[in-house]
Amino acid sequence: QVELVESGGGLVQAGGSLRLSCAAPGRTFSSYAMGWFRQAPGKEREFVAAISRSGGSTYYADSVKGRFTISRDYAKNSVSLQMNSLKPEDTAVYYCAADRGFPATTRADYWGQGTQVTVSS
């Protein structure tokens, strides 16, 4: 079992930035590729970004490429999502995910509880 705890969501104006973090306590952190998904009201959950177990490879949805950056910190057992140039359409609940495969764009083995990101126009 992998516990994932997100933090860092909030309200920001369009064009602004937010940084999401996901803590994954335990000794299994390096065994999983990590990712972020999001779900907007009335829409299905969608893939946002993923990073490999080694941290050497990343993969992004076209909608966030060039604006979002995923990274992982092995010392802190955490993964982060730096979100710049935010748009109102980025408004969603963001979920941290862990999976054995990379990139996991449609499913994950473990999910966090989600953190709300709201971008005002």
Side-chain angles (χ1 to χ4, degrees):
Q1 188 73 17
V2 176
E3 180 185 10
L4 303 174
V5 181
E6 300 102 333
S7 61
L11 173 65
V12 64
Q13 288 188 331
S17 299
L18 276 177
R19 186 178 182 87
L20 305 182
S21 295
C22 172
R27 291 179 287 181
T28 60
F29 178 70
S30 60
S31 299
Y32 290 87
M34 302 297 295
W36 290 91
F37 289 71
R38 67 187 181 187
Q39 187 167 19
K43 295 187 176 181
E44 294 186 352
R45 188 175 299 187
E46 65 174 3
F47 168 78
V48 175
I51 188 166
S52 62
R53 284 179 288 177
S54 70
S57 297
T58 57
Y59 188 75
Y60 297 92
D62 287 344
S63 58
V64 306
K65 202 172 294 183
R67 299 188 297 123
F68 291 11
T69 302
I70 189 172
S71 60
R72 64 191 298 167
D73 185 331
Y74 294 93
K76 296 181 179 179
N77 278 10
S78 67
V79 60
S80 297
L81 185 69
Q82 177 66 42
M83 305 185 294
N84 298 329
S85 302
L86 283 161
K87 305 174 182 180
E89 50 263 45
D90 294 318
T91 295
V93 177
Y94 283 70
Y95 296 90
C96 178
D99 196 85
R100 294 281 187 180
F102 172 82
T105 61
T106 59
R107 62 165 304 280
D109 294 330
Y110 300 100
W111 297 93
Q113 82 286 354
T115 186
Q116 177 70 47
V117 171
T118 303
V119 184
S120 63
S121 57

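One-based numbering along the sequence shown. Because only heavy atoms are used, hydrogens play no part in the values below, and waters and symmetry mates are left out as well, while side chains stay in. None of the values given here were measured: they were computed from a predicted structure.
Rounded to the nearest 0.5 angstrom, Phe68 CZ and Ser80 OG are separated by 13.5 Å. Here the CD1-OG distance, from Ile51 to Ser57, works out to 8.5 Å after rounding to the nearest 0.5 Å. For the atom pair Met34 CE and Asn77 CG, the distance stands at 9.5 Å (nearest 0.5 Å). Atoms CZ and CG, on Arg53 and Asp99 in that order, are 10.0 Å from each other to the nearest 0.5 Å. Taking CG of Asp109 as the start and CZ of Arg107 as the end, the distance is 4.5 Å to the nearest 0.5 Å.
Annotation: ring pair (Phe, Tyr, Trp, His ring centres under 6.0 Å) contacts of Tyr59 (sequence neighbours excluded): Phe47. Applying the ring pair (Phe, Tyr, Trp, His ring centres under 6.0 Å) test to Tyr32 and every residue at least two apart in sequence or in another chain returns Tyr110. With sequence neighbours excluded, no residue satisfies ring pair (Phe, Tyr, Trp, His ring centres under 6.0 Å) with Tyr60.
Note on Tyr74 and Leu20: same hydrophobic cluster, where clusters join Ile, Leu, Val, Met, Phe, Trp and Tyr whose side-chain heavy atoms are under 4.5 Å apart, directly or indirectly.
Looking at every heavy atom in both residues, Gln113 comes nearest to Tyr95 through O-CE2, 3.6 Å. Contact detail for Val119 and Thr91: the closest heavy-atom pair is N-OG1, 2.9 Å. Closest approach of Leu81 to Ala49, counting heavy atoms only: CD1-CB, 4.1 Å. Contact record, Ala98 with Leu4: N-CD1, 3.8 Å, taken as the closest heavy-atom pair. When all heavy atoms of Pro25 and Glu3 are compared, the closest pair comes out as CD-O, 3.5 Å.
Salt-bridge annotation for Asp90 and Lys87: absent, with no side-chain N of the basic residue lying under 4.0 Å from a carboxylate O of the acidic one.
Side-chain atoms of Arg38 and Arg45, non-hydrogen and from C-beta on, never get closer than 4.5 Å to each other. Side-chain contact between Val117 and Met83 is present, with heavy atoms from C-beta onward closer than 4.5 Å. Within the 4.5 Å cutoff, the side chain of Leu18 has heavy atoms near those of the Leu86 side chain.
Applying the disulfide bond (SG atoms under 2.5 Å apart) test to residues at least two apart or on different chains, none of the pairs has a partner in residues 24-54. For residues 11-21, the pairs satisfying side-chain hydrogen bond (donor to acceptor under 3.5 Å, both in side chains) are Ser17-Asn84, Arg19-Gln82, with sequence neighbours left out. Residue pairs meeting the disulfide bond (SG atoms under 2.5 Å apart) criterion with at least one partner in residues 23-107, sequence neighbours excluded, are Cys22-Cys96.
Looking at Arg72, its side chain does come within 3.5 Å of a backbone N or O of Ser52 through a donor-acceptor pair.
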Residues Val79, Glu6; criterion side chain to side chain contact (heavy atoms under 4.5 Å, CB included); working and verdict: CA-CA 9 Å; Val79 60; Glu6 300 102 333; over 6 Å; no

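Each of Phe37, Tyr94, Trp36 was scored for a ring-ring contact (aromatic ring centres under 6.0 Å, His included) with Trp111, with one residue passing: Phe37.
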